[in-house]
Protein chains: 2
Amino acid sequence: MTSTTDNAVPAKRRRDRAAREREILDAAERIFGERGYQGTSMDEIAAYVGVSKPLIYQYYGSKDGLFLACLSRLRAHLLEAVSKEVLAAPDAEQAMYAGLVTWFRFLDEHPRAWSVIVDEGMLTTGPAVQAADEVRADFVELIAMMVRLNLPAGRDTDEEEVQIIAWTISGATERLAIWRTKNNNSPSPEKVARTLQDLLWQGLETLRKS
Amino acid sequence: MTSTTDNAVPAKRRRDRAAREREILDAAERIFGERGYQGTSMDEIAAYVGVSKPLIYQYYGSKDGLFLACLSRLRAHLLEAVSKEVLAAPDAEQAMYAGLVTWFRFLDEHPRAWSVIVDEGMLTTGPAVQAADEVRADFVELIAMMVRLNLPAGRDTDEEEVQIIAWTISGATERLAIWRTKNNNSPSPEKVARTLQDLLWQGLETLRKS
DNA sequence: CGAGTAACTTACTCCGAGTAAGTTCTTCCG
DNA sequence: CGGAAGAACTTACTCGGAGTAAGTTACTCG
């Protein structure tokens, strides 16, 4: 009779696979977020969940696999938050600003999530790199789409240029986010977004009619 | 008499510390560049140099330390190449273009060096992160300097804005470089540099007189 | 030639990723 | 109800690589 209720949390019994996977993923997200990829051991996550290590391997295959699962989920949330604001904006200029602000705010408000995303570079071996790139590419695609929308409809768009611009913005925002966290989240999301907007918008206008 | 000459390479005898350190660093650069941080073991580097592992630890302290030493040296070369071109340019606009082109060309021509720089993210634990940031900050300082030079002399420059712009450019160029290598070094350095120049220059002009 | 020291080695420890080979639960069919 | 089938889960390892304690050799200078 150590448990508070009988029906709510059945002590620590077996769960079905889906539920256990979620539990493990939550724990992994938390611990990776606190200690980083290197600093976290699989034993630690297993102990935290109250489960043995091989179970995690059965469900996620490897440490990289588990980390990647965290990363995908976090990036999906971030992408969702940003694209929601972007799509809600009345015009392209405001969409860009809204997207930028949301990006920086989200990372301020989810510092643990952020550490995981920053640690993305940890995945250097095996197929995990590929998968991590695909996760990032989703973001680049969103940006590229915005850039394309902003170009004149009739003319051929130079797809290479679009890609360059999209990767520029992706790289810039990631690096700025890292810099901000080392700087006590300063300058504010609004200030960074505004400066970036001022810096880039003119250029986009120019490219539009070149 | 297995060696080709007697005087050139004195078989495999002791060297003084400085020489050995260089030898180790060269080997580390090569092997890290080929196999990445994770994929490289200290034993492997030791074997390659023909020396025992504890010697490396005596000279470089840790795997992170050794990697960091490689990183610093490589980044210093890169910084030197870029700043040389920047300083040689007749005006700010051409300086920016020259700097960008040089950056991308250098990385095309030194793919192994580049892998090491990309793997920078591997350093997440301990004091190595700090040191790695300082190495990167050198670059950001060069960019910030250029941005400042381009602003009107009399007025207060908004130092926060300068920092934001500098980190933007740093982040963008790094991410673009990674993207290009996964894309068979395409688009060309010139094209990327030109697009980036077109994108950013207008914005810099605008900020100049705001 | 012998002390002193710099260069270097052997032979470990320890920790963490990953695994082989089971052992319990739980369900569902007769 | 009984008992097979399979899912959930564990114990008890291996193996490799980072890092180290305690020396051993070679060079150098008085």
Side-chain angles (χ1 to χ4, degrees), chain A residues 3 6-7 9-28 31-32 34-70 119 122-129, chain B residues 7 9-28 31-32 34-70 119 122-129:
Chain A
S3 62
D6 294 333
N7 53 345
V9 178
K12 205 66 189 224
R13 296 229 144 258
R14 287 168 180 226
R15 298 207 189 321
D16 65 1
R17 177 156 181 162
R20 208 49 123 184
E21 277 181 351
R22 236 176 296 117
E23 237 186 335
I24 294 170
L25 199 58
D26 290 343
I31 302 180
F32 278 135
E34 275 167 10
R35 307 218 208 307
Y37 180 87
Q38 298 268 32
T40 302
S41 77
M42 294 299 266
D43 292 282
E44 196 177 352
I45 295 170
Y48 188 92
V49 182
V51 103
S52 73
K53 194 167 51 158
L55 194 69
I56 302 183
Y57 278 90
Q58 191 174 320
Y59 292 167
Y60 290 97
S62 66
K63 190 179 180 183
D64 275 17
L66 179 57
F67 185 80
L68 187 62
C70 292
D119 253 15
M122 300 313 298
L123 301 167
T124 40
T125 47
V129 203
Chain B
N7 52 346
V9 179
K12 206 67 190 231
R13 295 231 145 259
R14 285 170 182 226
R15 298 210 190 316
D16 65 1
R17 176 157 182 160
R20 209 47 125 183
E21 278 181 350
R22 238 177 295 118
E23 236 185 337
I24 294 169
L25 200 58
D26 290 343
I31 301 179
F32 278 135
E34 275 166 11
R35 305 216 209 308
Y37 179 88
Q38 298 269 32
T40 302
S41 77
M42 295 299 267
D43 292 281
E44 197 177 350
I45 295 170
Y48 187 94
V49 182
V51 102
S52 73
K53 194 167 51 157
L55 193 69
I56 302 184
Y57 277 89
Q58 191 173 319
Y59 291 168
Y60 290 97
S62 67
K63 190 179 181 184
D64 275 16
L66 179 57
F67 185 81
L68 187 63
C70 294
D119 254 15
M122 301 312 299
L123 303 167
T124 40
T125 47
V129 202

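The chains referred to below are lettered A, B, ... by the order of the sequence lines, with proteins before strands, and numbering in each begins at 1. Note that these values count all heavy atoms, side chains included, but never hydrogens, waters or copies made by symmetry.
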dA7(C) phosphate, OP1 or OP2: any side-chain N/O from R20(B) under 4.0 angstrom?
no
Per-nucleotide protein contact along nucleotides 19-30 of chain D, 5' to 3', at a 4.0 Å heavy-atom cut-off (B base, S sugar-phosphate only, - neither), is BBB---BSS---
Test item: M42(A) and L66(A) side chains (from C-beta on) under 4.5 Å apart, heavy atoms
yes
Can you tell me how far CZ of F67(A) sits from OG1 of T40(A), rounded to the nearest 0.5 angstrom?
9.0 Å
Distance in angstrom units between R22(B) CZ and dA7(C) C1', rounded
16 Å
Quick one: salt bridge (charged side-chain N to carboxylate O under 4.0 Å, His left out) partners of E44(B), sequence neighbours excluded?
R35(B)
To the nearest Å, give me how far apart CD (E21(A)) and C1' (dA8(D)) are.
12 Å
Step by step, work out the side chain to side chain contact (heavy atoms under 4.5 Å, CB included) result for V51(A) and L55(A).
CA-CA 7 Å; V51(A) 103; L55(A) 194 69; 3.4 Å; yes
Atom-to-atom span, CG of L55(A) to C1' of dG22(C) - whole angstrom:
15 Å
For Y60(A), report the nucleic acid contact type (base, sugar-phosphate, nothing); a contact means any heavy atom under 4.0 Å.
nothing
Roughly how far, to the nearest 0.5 Å, is the CZ atom of R15(A) from the CZ atom of R22(A)?
10.0 Å
Using whole Å, report how far CG of L66(A) lies from P of dG18(C).
11 Å
Quickly work out the F67(B) CZ to dA18(D) P distance and round it to whole Å.
13 Å
Tell me which nucleotide, if any, is Watson-Crick or G-U wobble paired with dG30(D) when both distances must be under 3.5 Å.
dC1(C)
Is the ring pair F32(A)/Y37(A) parallel, tilted or perpendicular, if the boundaries are 30 and 60 degrees?
parallel
Round to the nearest Å and state the distance from D16(A) atom CG to dA7(D) atom P.
13 Å
Check the distance between dA7(C)'s P and Q58(B)'s CD and give it to me in whole angstrom.
8 Å
Selection from dA7(C), dT10(C), dC9(D) that lies nearest to any side-chain heavy atom of S52(B)
dT10(C)
Take the protein atom CD of Q38(B) and the nucleotide atom C1' of dA17(C), then report the distance between them rounded to whole Å.
11 Å
For the atom pair CD1 (I45(A)) and CG (D26(A)), what is the distance rounded to the nearest 0.5 Å?
11.5 Å
Is the shortest side-chain N/O distance from S41(A) to OP1 or OP2 of dG16(C) below 4.0 Å?
no
